[in-house]
Amino acid sequence: MLSVTPNTAGVVTLPKGLVGAGFAPVADESRAINGTVGDITAVDPRMTARNVNVYYGDKLAINDVSLDIGKNEVIAMIGPSGCGKSTFLRCLNRMNDTIDICRVEGEIKLDEQNIYDSSLDVVPLRAQVGMVFQKPNPFPKSIYDNVAYGPRIHGLTSSKSELDDIVEESLLKAGLWDEVKDRLAETGTGLSGGQQQRLCIARTIAVAPEVILMDEPCSALDPIATARVEELIDELREQFTIAIVTHSMQQAARVSQRTAYFHLGQLVEVGKTDDIFTNPRHGLTEDYITGRFG
Amino acid sequence: MNKMTDGHIVSSYNKDLNHLHQLVIEIKDLACKQILEAAQSLIEEDVETANKVILGDRAIDELDIKADEEIIRLIAKRQPVARDLREIMTIAKVVSDLERIGDQARRLAHLTIRFYDGDANPPNHHLLDDLIKMTGFVNLMVEDAVSAFDELDLTMALDVIRRDGAVSDDFRSALRRLSTYIMEDSRSVGHMVDVVLGLRALERIGGHAKNISRHVVFLVKGKDVRHETLEQVEAEIASRH
């Protein structure tokens, strides 16, 4: 048998200290969280959160989170249950105000306006920063009235025809118009789950928000309805800024341009979605998205 | 099992990835055996072994297809991301390089048949010196490249990448030596051409070993260095991220 003798001319001196040290900085690095990894800023921020702490009573639920939400981007917030991603989302239109024991510290601005300014009226704020929830929650009213409700109470229209236009335009944008145009008077709760969720999105965009917050908007939907909503999210991005909380990593990868990973109330890592799902920089992010989080 | 393949909450995912990982080792073992047996057939003028090598390439081809099938199934089932995705993409590329290494070993075995089968006119054994020497060298490069993959050893990967430069130098030196033979005896031109093709096959095996090592850098660091210079690869390996 031939003996294998390497040509000594090819043997080279290796730099010292590389053995075993170069492997997977992500996997071998400490899982300690020392601030957020990645760029928290957006090129054209619509909302900026700085040093946000949220307490439920004495419990610190969000710990010093700073993050920009850029104009016309979809940012996905992912993380295990209880990591604070929904709490942070709800801070962005002061939905946490409805919880007595909840206290928010830090600064959150929408277009340079501090939304926690004591003089700020939360009703118009929630029109500017709309929200879509996990479970479709249409009002027990007609499809038309579900969409018309917001423009009516915010006084956005002066005539019936104007309102008709807003309803049609909103349903068109929500990709629901063709399915419901002949039955606008029927009750919204009679629609399928996916249609109900798109109706809720139509209701949200009817008041011309700047930002749309979505808290697990597809978790109650089947895969086809989910695909429709995801397609809708992509279309809506041209006009709106969208922050979405999702438990589905694949959904975050599909719909968002940036992804933020939360862990135990802290923002561990934020970056371009393409980077987060191919080469995350923090070990905790990697563990979570690859299904190694114990 | 290594750090890339274990640790999933779903243990069957570990099993799938480990199986794929082991398949790479199996294909490497087979490819290296083919290289050595092809060279052995040349040294010992053993046509039977050469035919065995040629037929043996089919086994590598079959494992190549099997690996691809498992990769497709795993992607469809698991939707891998991050290091799992890099592991799977790397395996696909490493397997492809190993399959081509098998093809080059087959080319080497064909030389034995050309030189020694039936009424063939055998060459002067001195003409084969460089072939034999390079065989051992590139075979070790393949072993080390796959070992770097198996152990996620960037130092080893870098070493293999550097050794590819030595293979190219050896290839050029061998060509110069062969040229002098031709000048001394132009009747051996036919053998020279065959030997050059054999050297070229070995040089390509070294190139594939280098490719595998570059894939290892991608696997570990997340940076594609296939078209980077040696200095850039060194800098990437030394960098923290």
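In what follows, chains are A, B, ... by sequence order, proteins preceding strands, each numbered from 1. Atoms considered below: every heavy atom in the structure, side chains included; atoms not considered: hydrogens, waters and symmetry mates.
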> Is there side-chain contact between B/D84 and A/R292, with heavy atoms separated by less than 4.5 Å?
Replying inline: yes
> If you look at every heavy atom in A/T290 and B/R83, which pair is closest and at what distance?
Replying inline: CG2-N, 4.3 Å
Show me the donor-acceptor pairs within less than 3.5 Å that the side chains of residues 48-55 of chain B make with the rest of the protein, sequence neighbours left out.
from  : atom 1 : to    : atom 2 : distance (Å)
B/T49 : OG1    : B/D46 : OD1    : 3.4
B/T49 : OG1    : B/D46 : OD2    : 2.4
B/N51 : ND2    : B/V47 : O      : 3.4

> Picking from B/G165, B/P80, B/A82, which has the most non-hydrogen pairs under 4.5 angstrom with chain A?
Replying inline: B/A82
>> If I compare all heavy atoms of A/I289 with all of B/V81, which pair ends up nearest, and what's the gap?
In response: O-CG2, 3.2 Å
> Does CZ belonging to B/R204 count more than 12 external heavy atoms closer than 6.0 Å?
Replying inline: yes
> Any idea which heavy atoms bring A/N279 and B/K221 closest together, and the distance?
Replying inline: ND2-O, 3.2 Å
